[in-house]
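One structure is given here, and the rest of the page talks about it.
These values consider heavy atoms only, across backbone and side chains, with no hydrogens, waters or symmetry-generated copies.
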Number of protein chains: 2
Amino acid sequence: MTASLIRKLENFTRLSTADKLALGEAVVATRNLDPGESACHEGDPVRALHLVEDGWACDYRQLENGGRQIVAFRLPGDLCGTSASVLAAADCTRVALTRLTVHELSPARIEEIAAARPRLRRALRWDEQVGASILREWLVSLGRRDGLERLAHLLCELYHRQRAVGLAEGGACPMPVTQEILAAALGQTSVHINRTLQTLRACGLVTLRNRRLTVPDLAAVEVVAGFSPAYLHLGRAGAHLDALPSEI
Amino acid sequence: MTASLIRKLENFTRLSTADKLALGEAVVATRNLDPGESACHEGDPVRALHLVEDGWACDYRQLENGGRQIVAFRLPGDLCGTSASVLAAADCTRVALTRLTVHELSPARIEEIAAARPRLRRALRWDEQVGASILREWLVSLGRRDGLERLAHLLCELYHRQRAVGLAEGGACPMPVTQEILAAALGQTSVHINRTLQTLRACGLVTLRNRRLTVPDLAAVEVVAGFSPAYLHLGRAGAHLDALPSEI
DNA sequence: CGTGATATTGAATGCAATCAAGCTCCGTGG
DNA sequence: CCACGGAGCTTGATTGCATTCAATATCACG
C-alpha cells in the first residue's frame, strides 16, 4: 500500500520490515479522485497528509489577476507536507491531474511512528529536505533558465523522480500533463511551451505523446537543460543507517 | 544569544524559560564574517546548522552560464536547514551580505533537544514549514508577477519578516542589499530593478537609501504587490501549546 | 580628494506574451 | 458509420517587457 514511498525512501537508507509496516499504520483513509478534482484547498485547515498511491496531482496557487502557478508535482510515492500539520492553513490547492488514488495519513500517528523509529524518522526528513531542494531548483529555473532549458530541466526531473520509484525505464515514462499544465508550472504560456516543445522534438531530444515521455538520449537532454541530478539527493546518503539483512 | 530566533518562534507558540535555554545549548561555535565571505559552499558536506545572530546573508546557486539565483535571504533569527544534516551535501552557497554573526549548531544536539521538548520541536518544524512556504511564494513571484509586483512583494516580505523579530518599526527597516542582489533574487537584471525601483519611488511608495527601507504606507505597497501575509504564518497557530505563565 | 562600487540613463535587441484563428484527435450519440 | 463537440495542440502576426551593452553619474570610504 505504501510501496512507492518505501521504494523512494530506500534511495536514502534501507528500511527494516518493521519500518515498512509501521508506515502503513498511519493510513486512516484512502480516496479516489477524478482528473480536475481537488484534494484540498488553499486556506483550508490541514487535517491529513496525503500519500500519492497512484496517478499524478499538482499543488498550485491562484492569483487575483487570473494567473496560476504550480508549485509542485505530486507523483506516486510522494508524501505531501510531512509536518504541514503545524501550519494553520494549507497555502496551496492540490488537484488531481489524472485518476488519482491518495492515502490520508494522520499527522499524530506519523509523529508517534517517527518518534519510535529513528531510521524511518531520518528517511522522512530526508524526503522532506529533497522536496525543499526541488523547490529551490525550480526557483533557479524560473529565475535564470530560458524556455528551452526550463522545459528540458523539468522533463529530466520528472523522469528521474519516476525512475527513483521504478516508474521510468529505458528512456520512457508517464507524463500525463497538458502543455497548459507545463506552462502553469514553468511560468509561461501554453503557446510558448508548444513552440519550445517543437524545437526539442525537432532536435530529436524528446517525444511527448499519449501522455508518455520518451527520451532516446537522456544525457543529451540533461546537457541542454544544464541538469545535474545532485539536487534530488538519490545517492543513498543514509547508507550508514541501513537495516541489517536480518531485519528485512 | 538566540533572542531573535526565540522571538520569531513565539509568533507560533509561547516558549518556556527551559525551552529558551535549551536552544542555546546547541550552539557549538560562533563566527563573524565580512561582507562577501561565504559561510558554506554548494557541494560541501553539511556539518553544522547556521543561526543568524546579526546581519544578513543569502543562499544562492551558481549556474554554468554565469547566472546566479538567490534562493533565500537569511535574516537575524533565521535557522538555516533544520534537518539539512540528513543531506549529504549543501545544494547552495551561503554568503554574507553585511558584517555577519552566525552561530553554528550541532545537528545531533538539536535533535536531542527536539526529542525532549515537544513544544520546541513543533515550533522548529513550524519555522521550517514557513521557510518552505516562503520558497513557494517566491516561485509564484518569479512565475506570475511582473517586475513591479515582484519587487514590491519582496520588500513587503522582508519588512514583515523583520517585524516578526522586532527589527522593523514605524514603516522603516534595514535593507542592506544592492540592486544587483535584488536582481539576483528576482530573476532580473540590476538595470531593470533600478527602473522598477524608480517607479515605486515616483509613486511615493518606498524609499531605499542608506541600506534602509522606508514605506510610508505599507498597505498601499501590499496592494501593488498583491501581497497577503498569510504565507508567513505569523498568526500564533500554536497558541494551544503555549507555555504556562509559571514556566516563563 | 581619489578610487572603486553602486546607481542611473539611453538606445537597440530579443524573448516570450497576447490575440486570434484553425487544426487534430477522440469520445459520444444519432 | 458519421456528425458533432470539446479539449488540446499548432500556427501566424503583433506587442511589450525586460535584457543587453555602453556610457556616465553618484556615493561611500580610506
### Task
Take the protein atom CZ of B/R209 and the nucleotide atom P of C/dT8, then report the distance between them rounded to whole Å.
11 Å
### Query
Between D/dT20, C/dA20, C/dA17, which nucleotide has the shortest distance from any of its atoms to the side chain of A/Q188?
C/dA17
### Integer-rounded Å distance: D/dG8 P and A/L97 CG
11 Å
### Query
Separation of A/E180 atom CD from D/dG6 atom P, in whole Å?
17 Å
### Message
Can you see if the side chain of B/T189 gets near the phosphate of D/dA18 - specifically, an N or O under 4.0 Å from OP1 or OP2?
### Response
no
### Query
Centres of the B/W138 and B/Y231 rings: under 6.0 Å?
no
### Message
So, OP1 or OP2 of D/dT10: does either fall under 4.0 Å of a side-chain N or O from A/Q179?
### Response
yes
#### Entry: Lys/Arg-Asp/Glu bridge criterion (N-O < 4.0 Å) met for A/R61, A/D91
no
### Query
Between CG of A/L75 and OG1 of A/T98, what distance do you get to the nearest 0.5 Å?
10.0 Å
#### Entry: Distance in angstrom units between B/L148 CG and D/dA18 P, rounded
9 Å
### Task
Please state whether the phosphate of C/dA7, meaning OP1 or OP2, lies under 4.0 angstrom from any side-chain nitrogen or oxygen of B/Q198.
no
### Atom-pair distance (CD1 on B/I193; C1' on D/dA18), nearest Å
11 Å
### Summary
Among the nucleotides D/dT11, D/dA22, C/dT6, whichever has the atom closest to the side chain of B/T178 is C/dT6
### Task
Would you confirm whether the ring centroid of A/Y159 sits within less than 6.0 angstrom of the ring centroid of A/H153?
no
### Task
Let me know the distance between CE of A/M175 and P of D/dC9, rounded to the nearest Å.
13 Å
### Residue pair B/H41 / B/T93, side-chain donor-acceptor N/O under 3.5 Å
no
### Summary
Per atom distances to the A/H192 side chain, the nearest of D/dT19, C/dA17, D/dG12 is C/dA17
### Query
Of the candidate nucleotides C/dA16, C/dT8, D/dT11, which contains the atom at the shortest distance from the side chain of B/R201?
C/dT8
### Query
From D/dT10, C/dG10, C/dA7, pick the nucleotide closest to the side chain of B/N194?
C/dA7
### Query
Is there a side-chain polar atom (N or O) of B/N210 under 4.0 Å from OP1 or OP2 of D/dA28?
yes
### Summary
Judged by nearest nucleotide, the residue sitting upstream toward the 5' end of DNA chain C, B/S190 or A/V191, is B/S190
### Query
Given atom CZ of A/R195 and atom P of C/dC19, what is their separation to the nearest angstrom?
14 Å
### Message
Please report the distance, rounded to the nearest Å, between CG in B/L208 and P in C/dT6.
### Response
14 Å
### Task
Would you indicate what A/G187 reaches in the nucleic acid, counting non-hydrogen atoms under 4.0 angstrom: base, sugar-phosphate, or nothing?
sugar-phosphate
